[in-house]
2 protein chains.
Amino acid sequence: MDFNQRYLEYKTNVDEYLKRFIDETQPRTLYQPAKYVLDGGGKRIRPLLVLLSCEAVGGSIGEALHAGVAIEILHNFTLVHDDIMDHASSRRGRPTVHEKWDTNVAILAGDALLALAYRALLRTSSSRIQEISKAFTEGVVIVCEGQAYDKEFESRSRVGVEDYLVMIQKKTAAMVAVASEIGALIGNAGDRELRALRAYGESVGRAFQVQDDLLDIIADEKKLGKTIGGDLVEGKKTFLLLEALKHAKGKDKSVLLNFMKNGGIPKRRVAEFRRIYERTGALEAARSQVKNDIAAAKSQLQQLHESDARSMLSWFADMLMHRTF
Amino acid sequence: MDFNQRYLEYKTNVDEYLKRFIDETQPRTLYQPAKYVLDGGGKRIRPLLVLLSCEAVGGSIGEALHAGVAIEILHNFTLVHDDIMDHASSRRGRPTVHEKWDTNVAILAGDALLALAYRALLRTSSSRIQEISKAFTEGVVIVCEGQAYDKEFESRSRVGVEDYLVMIQKKTAAMVAVASEIGALIGNAGDRELRALRAYGESVGRAFQVQDDLLDIIADEKKLGKTIGGDLVEGKKTFLLLEALKHAKGKDKSVLLNFMKNGGIPKRRVAEFRRIYERTGALEAARSQVKNDIAAAKSQLQQLHESDARSMLSWFADMLMHRTF
């Protein structure tokens, strides 16, 4: 089984569904930006997890596609609103919605995307639709909590690694967990399978975010598609920074404390921070965190019967860890 | 049966549910504003319609309360985001969320309120929960469309009364219709009852909005709780303005066309516009529109069996027409 090819097939299904999803054209200040967002590409990781989790418990992916698309639309809604809050001017190589149109358009297009996500979700035929909708809804609440913590941390000079892990659990991991949970529910999973797939998603989601922090410092600029050290330039309190702060001494410590208070640094200082991350063991800690989370995710899969979908979930976790994009 | 007292009882139920609804306290930049909004009072018209529509088809209001609260929370979500877009600084006599906190907090608190609305809705026990959730979701999409048209009209110098009626149908009436529809669904209404209650809500919702436009010009400032002529000062293209434009001639017409192009006027010119509204028959047209919609709403109620709830829905439509607040 060629997992890579299968991933591309599933991704194409999702992309095509999204392309056809919005029929409406008027009012154009609503539907133009909404279509622009859904047409912007992306790795479609969350829908893939919905589809594979459904298959891994014996369900058919046909019925899971609506929910997969729903979670992808939801994810895009969060990006549109987060980009306003972060004053981000580009995303996936294109201007953000509030940049291309304006803030009002971006607020409203985001709102509509959230509603459209529910529209897709509610096309699902399942005797467990209420449970599915509840899981989805609690995911949305938690994502909002995560984003609120993220913004609070920006202006707080005391933030620990533990706070950070809670934040990314809510902002990123919870929704990835909801993706695998909902896939499992649509496949009518038993309790043990449901718990296992939820835990798998949560670990994968956290690993994905810490890996993102790592890539911001160690990746190849061309492959990453964005500037190395962007998190530092923007003053973000990442896993690396907070982990380094825990162990730094002397001058390193005062450099980091200064960052905590004053935020962003010029790009020319990124290499200096990278050396601090190396010296303090922060890079190593991040690598272990990712490795352990991926191992934990894969061990959850032992709770499921053997299947191609299960193997692919295992492959997928590894692929995320080794990604350079 | 004392309808007024019963209305107050139902309103108290809703207020108390809303007061207890949010358990969470952290992150405080999310839950403080969310609680602030839900604690801000309001007429609770939409939940009342959910409860009465459920009762009017033989359902029990206990099961409808979750959905009633859901629609009220949804309504409040739209107010928080609309207030950002309109740069409104106060609402119900208190600072708006983006004014008391900031725009980012208001965007995110609004998002969370939308998710919390679904949380309340999904507490409903009903074999028709999927239909209920779909009706709710389509309501959210339509409300977004209505708000997009409203914002588009601000910068468009050509807007007709018909455009305006489409806009308020989407921005206001659709969600009132969804309130009565969902109440009916929870009460397990038949198709005829469902259609009748939906149509009742739509007419009541439109009447409510046109009445609002009227009150902005003819109400008692103290009773209304806001400044007379506020719509004119803010440059809003209301039913009155567009209706007046249809019939105005000579100098009146050029005054109105100038408003269409340049927007808001100083408060001292409000009386002049009121006289134009009288001369052109716009005030009369608005009064007829409200009267006809209320009559249409009440005639829909004939499709239902006689009951106290049905009588109260009839009373409620009249009350909205005669309100001075």
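Because the structure is predicted, anything quoted here is derived from the model rather than measured. Each chain gets a letter, A, B and so on, in the order the sequences are listed, and its residues count up from 1.
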(request) Measure distances from B:Lys134 to the heavy atoms of chain A and classify the residue's part below 4.5 Å as side chain, backbone, both or neither. (result)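 For B:Lys134, heavy atoms of backbone and side chain both lie under 4.5 Å from chain A.
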(message) Between B:Leu122 and chain A, with a heavy-atom cut-off of 4.5 Å, which part of the residue counts as in contact: side chain, backbone, both or neither?
(response)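 Its backbone and side chain both get close to chain A.
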(message) If the contact rule is any heavy atom under 4.5 Å from chain A, which residues of residues 63-78 of chain B qualify, in numerical order?
(response)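 Interface residues of residues 63-78 of chain B: B:Phe77.
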(message) For residues 97-104 of chain B, give me every residue with a non-hydrogen atom less than 4.5 Å from any non-hydrogen atom of chain A.
(response)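 So far as heavy atoms go, B:Asn104 are the residues that approach chain A to under 4.5 Å.
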(request) Hey, could you give me the CG/CG distance between B:Leu108 and A:Asp82, rounded to the nearest 0.5 Å? (result)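 Output value for this atom pair is 8.0 Å.
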(request) Quick one: pull up OG in A:Ser133 and CG in B:Leu121 and give me the separation to the nearest 0.5 Å. (result)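 Atom-to-atom, A:Ser133:OG and B:Leu121:CG are 9.0 Å apart.
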(message) With a 4.5 angstrom heavy-atom cut-off, is it the side chain or the backbone of A:Gln26 that approaches chain B, or both, or neither?
(response)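 Looking at A:Gln26, backbone and side chain both touch chain B.
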(message) Less than 4.5 Å to any heavy atom of chain B: does that hold for the side chain of A:Glu152, its backbone, both, or neither?
(response)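 Answer is side chain: those atoms of A:Glu152 sit under 4.5 Å from chain B.
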(message) I need the contact set between residues 111-120 of chain A and chain B: heavy-atom distance under 4.5 Å, sorted by residue number.
(response)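 Heavy-atom contacts from residues 111-120 of chain A to chain B are A:Asp111, A:Ala112, A:Leu114, A:Ala115, A:Leu116, A:Tyr118, A:Arg119.
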(request) Can you check whether anything in residues 156-173 of chain A gets within less than 4.5 Å of chain B, heavy-atom wise, and list it by number? (result)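 The stretch does not come within 4.5 Å of chain B.
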(message) Using a 4.5 angstrom heavy-atom cutoff, name the option from A:Val143, A:Val140, A:Thr137 with the most pairs to chain B.
(response)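 The option with the most such pairs is A:Thr137.
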(request) Check the pair B:Gln130, A:Gln130 against side-chain contact (heavy atoms from CB on, under 4.5 Å), reporting the backbone distance first and the verdict last. (result) CA-CA 7 Å; B:Gln130 193 155 6; A:Gln130 192 155 9; over 6 Å; no
